[in-house]
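Reviewing the structure listed below.
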Amino acid sequence: MPAPRFELPPQYDPHAVERPLYQRWLDRGVFPPNPNAPGAPYVIVIPPPNVTAVLHMGQGLNNVTQDVLIRFERMRGRQTLWLPGTDHAGIATQNVVERLIAKEGKTRFDLGRAEFVKRVWAFVRETGSTILEQLKMIGCSCDWTRTRFTLDPGYSHAVREVFVRLWEAGLIYRGHRVIHWCPHCLTALSDEEAEAGDPETGTLYYIRYAVEGGPAPYLTVATTRPETLLGDTAVAVNPKDRRHAAFIGKTARLPITQLPIPIIADDAVVPTFGTGFVKVTPAHDATDFEIGTRHKLEMPLVMTEDGRMEHSTRVPPELAGLDRFAARERIVQMLQEQGALEKTEPHTYTLRRCYRCGTVVEPRLSDQWFVKMTPLAEPALRAYRAGMLRLVPERWAKTYEQWLENIRDWNISRQLWWGHRIPVFTCVTCGEQWADREDPTECRKCGGSVAQDPDVLDTWFSSWLWPFATLGWPDDTPDVRRFYPGHTLVTAPEILFFWVARMVMAGYHFLGERPFATVYLHGTVRDTQHRKMSKSLGNGIDPLDVVRLYGADALRWTAIAGIALGSDLILDPNDLATTFAPGRNFANKLWNIGRFILAQLPEQVPAFPVGRVAELPLADRWILSRTQGAIRDVTAALEQFRLDEAAKRCFDFVWKELADWYVEAVKSRLTGSAVAVLAYCFDTALRLLHPVVPFITEELWQKLPGRRADELLAVAAWPTVREPLVDARAERQFALVQDAIAAIRNIRAEYRVSPKTRLGAALSSKNDEARRAFEGERDTIARLAQLAELGFDGRAARGAGAHAVLRDGSEVFVALADAIDVAQECRRLSSERTRLAQQLAALAAKLTNRDFIARAPADVVAREREKERAWHDQLQALGAKLESLGCS
RNA sequence: GGGCGAAUAGCUCAGCGGUUCAGAGCGCCUGCCUUACACGCAGGAAGUCGGGGGUUCGAAUCCCUCUUCGCCCACCA
């Protein structure tokens, strides 16, 4: 045995290698796209995390997934661009900074707009790169030279251009309607940002309104929000509701304020709910607003922006200034005192809450900027139906389509300070209003002074441009030409509407092309109770804790191998050791395989003779063929986004085949072909594994003999199948060897034959119990003992045993392998659902039975050959019969 | 109220064009410190594949239905 070229520790130490390797990749500039690469570009844009975010497990999964795809394509020679960046995250970031200055006892209004925005920028500059640095810790191979931020000048330019173009196309309008309003964040929200939560049990209040001149002295409405009655301007019934027809046209009086309101008929009222009478509050309910519009009702706002009751005439002094929920209690009390509360009953409903702060959203009448979405949705829908866009897994198709089919106009204005200021200008003199690419100094019509709209744009109004604004659009940049359209988007289904569908719309509208061809939607990270990991539940896992404990590769392996396409990733935050054991164990195994192989390899590894591969020992031919299988399977799995299957296939190849069988099989002959084959197979394994576990594979690959100093696995060529090495026969034959050895091991374990005892010796043992135990199996054991005599008796001899079995029993095995060919053919035909084939398959199964193998001595070979001929004949007959029946 | 998904070994999950499909990892049991690895090696126990029907020579695998979980959408106040 040659002297080991390396002294490697028996335990893989990720910390010793990760940072230096990452730095090396950076220094060598392997992450940015290589214009000299022969392949076409391959582009992924990162779902930009909030600029203030710190990495959580969901993003860990998301980004590792992207990195696997990028590294795979990079090794395949594509010009890969993985474009990183962050999102300014309007509400979220503004909230964070508001909390900060609250600690100084101040509000943003104390600071003023300019000062506040300055503070946010300072905060962003200070903390903004945290999450990107964390991505480096888990190995992400982004092109950091192209890092973008949704508020940087170039990007803002794109946002403004988009707004103005939409304006010019007549797709932006000022809408006066009831929108979702967050009384905590003090801004309007889009429909998507007002999330429906879990059903909650609340109260349905039945309230009596006095009626003048009607068929009854009063009517009863049912409501969950009694406080809104101060804003009621009508009571409505369904025109078809006979019970209440006589009320229509009469006047009701609001309790508490005694204001008169009309009783009207409207189709929107569902007669079966509550009493059939509905209180109509047009300024605080979307449906009521529509009713109000149809009937030209007054629409008074009775709450302030922060959710306190207020109105000059409608809110009585004792309620003014009360928070809406406090007001509710107080009003219920007042109603009770006035005898206007008929009854209450428990009621289950879902409340919409602000997706940033969780506050119950208040429907509120206001003026906002909207984008007309139907003209944008149509191309996105058409493109999807034409197959231009693929969702993986496909089951999200219906969700995507339904949303686009029922698209609603998008409220894009936010009453915030942090974000892209809406570029709409109004002349204070003549009222002229327009959107402008530059800040105007005077009215374009009358020369009067102008005022810019105070609001900012929805964060998603910048996010939806991400695939091209990051490349320098609207300028005609080389990057836009080269990297648009992109290829794969990796994200969570939660933002299918927020982001994905809108990017598709923007892509088609502004560039006339899809932003990406495939949307890969991965699952959610959950705890063992299947609860989503979240800060508030305290059930999260910090990916960097995992990196510190077990290394980035262990994290990556667990995330990738542990999640099937489209399913969730279940991790146990209370037991990181168990959760990440698979990754840690595998990394260590790989390390030790490398440790062993590297110790065997001489400075100059001879290439194995591909042309004369047939002359190699069976085990060599077997592992070479299995290597081709691994290349084929792993490549196919990655192409199909089956990352878990790719990982698992690598696992089986490296651990079960290369380590457990081949390494053991060649331990007794570690020279010549074995060394060459080991070097090739291990090198291939490292390449196949690199996308998933980049650090350890790069580290080991660097140590392979003959490596030039400037070579990096990160940009090494992806392996391809070498046809001459595919050898189905060798695989079958070796499988029999494996079966035979398994049978021997089984017998040894079952009869407790010590590893140090020869089977033959055990047979003639003086130990009565052992001998008696052997009696029933005497023939089998004797035969196997004979086969195994060389190999299974001592230490470190499993491989030698395999070799010996092969040599002594090869004739038997070859005959069996041929028989199996026949059997398999029978099985193939049996799937044609014929009885005859079924019977043959049963017989075939018998032939391939492990018992048979274990008992098949050389002297039955002749008999088997005879049988085999008979099989062939039957097969021929069968074939003819099938053909006559019209089966192919 | 619609739509979608999931129920397979103690745990987390593969398998789902019908005939080596009853599997993997972790855990468990029994041997092994065999000079790459005890984060390991060898062997093993363990599931009537959620319940019930149906199609078929044959079904975790296809159809129907029920139950239980989870997700998305929706103006019943």
Side-chain angles (χ1 to χ4, degrees), chain A residues 1 4 8 10-12 178 196 204 221-225 228 236 268-274 277-281 285-291 347 349-350 363 393 395-399 402-403 406 493-494 496-497 523-524 526 528 530-532 550 554 558 561-564 566-572 575 577-579 581-600 644-645 648 651-652 659-660 663-664 667 742 745-750 752 754-756 794-798 823-824 827 830-831 833-835 837-838 841-842 844-845 848-850:
Chain A
M1 195 192 280
L8 297 181
Q11 219 93 87
Y12 171 57
V178 170
L204 189 60
V221 300
T223 181
T224 55
R225 296 191 298 155
T228 61
V269 178
V270 178
T272 50
F273 185 88
F277 288 108
V278 176
K279 58 189 278 309
V280 181
T281 324
D285 184 277
T287 309
D288 291 2
F289 172 77
E290 286 166 24
I291 296 176
H347 183 60
Y349 53 82
T350 57
R395 71 179 129 89
W396 291 100
K398 204 172 270 182
T399 309
Q402 281 178 358
W403 188 76
N406 304 308
E494 289 121 73
L496 194 56
F497 308 141
T524 309
R526 300 176 183 281
T528 49
H530 291 214
R531 297 176 308 179
K532 203 166 160 176
Y550 311 113
T558 304
I563 188 167
S567 64
D568 290 339
L569 178 63
I570 311 297
L571 303 173
D572 186 352
D575 189 356
T578 299
T579 301
R584 183 197 54 170
N585 294 355
F586 180 66
N588 197 239
K589 184 70 182 182
L590 190 61
W591 181 256
N592 276 289
I593 294 167
R595 209 168 145 236
F596 175 79
I597 291 178
L598 289 171
Q600 312 307 325
D644 61 320
E645 282 187 1
K648 281 167 191 155
F651 178 93
D652 286 339
D660 286 354
V663 168
E664 296 302 335
K667 271 184 174 168
R745 287 173 179 166
N746 189 312
I747 289 163
R748 277 190 173 278
E750 199 173 329
R752 305 205 180 278
S754 145
K756 301 191 168 129
R795 318 187 314 157
R798 290 183 294 271
Q824 278 173 344
R827 199 175 302 120
S830 73
S831 65
R833 298 190 187 208
T834 71
R835 241 171 238 244
Q838 182 93 42
T848 56
N849 189 306
R850 191 218 268 165

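Chain letters run A, B, ... following the sequence lines, proteins first, then strands; residues in each count from 1. Basis for what follows: all heavy atoms, side chains included, without hydrogens, waters or symmetry-related copies.
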Could you state the CG-C1' distance from A/Leu496 to B/G3, rounded to the nearest angstrom? 14 Å

C1' spacing across the pair B/A7 / B/G47, given as an integer number of angstrom: 14 Å

Please tell me which of the listed nucleotides, B/A77, B/C41, B/G15, lies nearest to the side chain of A/Val269? B/A77

Under the side-chain hydrogen bond (donor to acceptor under 3.5 Å, both in side chains) test, residues paired with A/Thr578 that sit two or more places apart: A/Asp575

From CG of A/Leu569 across to C1' of B/C13 the rounded distance in Å is 11 Å

Hey, are the side chains of A/Arg225 and A/Asp285 touching, using non-hydrogen atoms and a 4.5 Å cut-off? yes

A/Leu590 CG to B/A36 C1': how many Å, rounded? 12 Å

With rounding to whole Å, what would you report as the distance between B/C64 and B/G27 at their P atoms? 41 Å

Got a donor-acceptor pair under 3.5 Å from the side chain of A/Lys398 to the base of B/C4? no

Distance check, P atoms only: B/A46 and B/A24, in whole angstrom units. 14 Å

How far, in whole Å, is B/G3 from B/U65 if one measures between their P atoms? 12 Å

Output all residues satisfying side-chain hydrogen bond (donor to acceptor under 3.5 Å, both in side chains) with A/Thr579, sequence neighbours left out; order by chain, then residue number. none

Gap between atom CG of A/Asn592 and atom CD of A/Gln11 - 0.5 Å precision: 7.5 Å

Could you tell me how far B/A9 sits from B/A45 if I compare only their C1' atoms? Round to whole Å. 11 Å

Along RNA chain B (nearest heavy atom to each residue), the more 5'-positioned of A/Ala581 and A/Gly594: A/Ala581

Would you say a side-chain N or O of A/Asn585 is under 4.0 Å from OP1 or OP2 of B/G40? yes

Side-chain-base donor-acceptor pair under 3.5 Å for A/Gln11 and B/A38: no

Looking at side-chain heavy atoms only, is the closest gap between A/Thr558 and A/Leu571 below 4.5 Å? yes

Distance check needed: B/U12 P versus A/Phe651 CZ, whole Å only. 20 Å

How would you list, by chain and number, every residue that makes a salt bridge (Lys or Arg N to Asp or Glu O under 4.0 Å) with A/Arg595, sequence neighbours excluded? none

Within the 4.0 Å limit for protein heavy atoms, which parts of nucleotides 69-76 of chain B are touched? Write it as a string from 5' to 3', B for base, S for sugar-phosphate only, - for none. ---SSSBB

Minimum-distance pair of heavy atoms, taken over all atoms of A/Pro10 and A/Asn588: O-ND2, 3.9 Å

Whole Å only: how far is the CG atom of A/Asp644 from the C1' atom of B/A24? 12 Å

For A/Lys532, which residues count as a side-chain hydrogen bond (donor to acceptor under 3.5 Å, both in side chains) partner, sequence neighbours excluded? A/Glu494

Using the P atom as the point on both nucleotides, what is the distance between B/A60 and B/U19, in whole Å? 11 Å

Verify the contact: side-chain N or O of A/Lys648 to OP1 or OP2 of B/C13, cut-off strictly under 4.0 Å; return yes or no. no

Mind checking whether A/Phe651 and A/Phe586 have parallel, tilted or perpendicular rings, split at 30° and 60°? tilted

P spacing across the pair B/U8 / B/U61, given as an integer number of angstrom: 13 Å

Base orientation of B/A60, syn vs anti, 90° cut from 0: syn

Can you figure out which of B/A77, B/G25, B/A42 approaches the side chain of A/Asp660 most closely? B/A42

Only Watson-Crick and G-U wobble pairs with both distances less than 3.5 Å should count. Give RNA chain B in dot-bracket notation, marking inter-strand partners with |. ((((((((.[[[[.).......]]]].(((((.......))))).....(((((.......))))))))))))....

Gap between atoms CD and P, on A/Glu664 and B/G40 respectively (whole Å): 15 Å

Write down the distance between CG (A/Asn406) and P (B/G2), rounded to a whole number of angstrom. 16 Å

Nearest to the A/Glu645 side chain among B/C37, B/A77, B/G15, which nucleotide is it? B/G15

For a quick check of understanding: with a heavy-atom distance under 4.0 Å over all strands, which category does A/Ile570 fall into, base, sugar-phosphate or nothing? sugar-phosphate

From B/C37, B/C39, B/C26, pick the nucleotide closest to the side chain of A/Thr578? B/C26

Who passes salt bridge (Lys or Arg N to Asp or Glu O under 4.0 Å) against A/Glu645, sequence neighbours left out? A/Arg642

Without decimals, in angstroms, what is the distance between A/Arg395 CZ and B/C16 P? 15 Å

Under 4.0 Å between any heavy atoms, over every strand shown, what does A/Ala659 touch: base, sugar-phosphate, or nothing? Just pick one. base

Salt bridge (Lys or Arg N to Asp or Glu O under 4.0 Å) against A/Lys648, all qualifying residues, sequence neighbours excluded: A/Asp644

Inter-nucleotide C1' distance (B/G17, B/C13), Å rounded: 23 Å

Taking only residues two or more places apart in sequence or in another chain, which ones pass side-chain hydrogen bond (donor to acceptor under 3.5 Å, both in side chains) with A/Gln402? none

